[in-house]
Amino acid sequence: MKKIAVLLSGRGSNFVSIKKKIDEGAIKGEIVAVISNKADSKGLEFAREQGLEAIFVNPKEFDGREAYDRELVRILKEKGVELVCLAGFMRIISPYFVSEFRNRILNIHPSLLPSFKGLDAQKQAFEYGVKFAGCTVHFVDEEMDHGNIILQAVVPVLQDDDDHTLAERILKEEHRIYPEAVALFCEDRLKVEGRKVFVI
Ligand code: GAR
């Protein structure tokens, strides 16, 4: 059983999808901490309801990004965390954090990377006029939305979509591929070679 921490900032639907697969026995892991930078995030509330350890770490109490991340790393190490899942964690991770958990931090991003990095990726794709959009699970490195790609899923953009209907279609796929990537990690089935990640 790998020890997993989930970091989130908002509603936490990706966290819910991972928790569900753990409860079904499809992921050989256990969530030992759910951490948020927002006290009122729905995801933290859900964690508490589930009896999981839910921790709010207030950015205002720290002097800058690295000081904040040092506190996160301290908590993660104290709990023996082996895998960190960013699930709508809307903060950029410092190089210090990345170096402490190299190839052990996963993120889900709602676009087919390397297209449409950053905020509102679904809206960026919609407004660009692409015919296919999607989502990506990747390892986190020092650059935003840049680390090695683990899994991607593609959805069509339909004529009568708006950015919200497109985001909903993408989210369904996020809820499918994120737990799948976590399951692969927990079974030691991800092999990193340069930019590539192989499923073994
Ligand atoms: C998800 O769509 C996720 O892909 C996105 O935030 C949403 C969080 O939803 N993440 C990013 O844009 C990261 N750059 P959730 O809180 O319901 O999981």
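All ligand and atom numbering here is 1-based and tracks the order in the structure.
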Asker: Which heavy atom of Asn103 sits nearest to which heavy atom of Phe139, and what is that distance?
Answerer: O-CE2, 3.1 Å
Asker: Just verifying a value: how many Å separate Asn148 CG and Thr136 OG1, rounded to the nearest 0.5 Å?
Answerer: 12.5 Å
Asker: With hydrogens left out, which residues have an atom under 4.0 Å from ligand 1, given that only heavy atoms count?
Answerer: Arg11, Gly12, Ser13, Asn14, Gly88, Met90, Ile108, His109, Pro110, Gln122, Glu174
Asker: Between Asp163 and Gln122, does any side-chain donor sit less than 3.5 Å from a side-chain acceptor?
Answerer: no
Asker: Which of these, Glu82, Lys2, Lys3, Met1, sits in a side chain to side chain contact (heavy atoms under 4.5 Å, CB included) with Val32?
Answerer: Lys3
Asker: Give, for atom CD1 of Ile31 and atom CD of Glu53, the distance between the pair rounded to the nearest 0.5 Å.
Answerer: 12.5 Å
Asker: Who else is in Leu112's hydrophobic cluster (ILVMFWY, side-chain heavy atoms under 4.5 Å, direct or via others)?
Answerer: Phe132, Val154
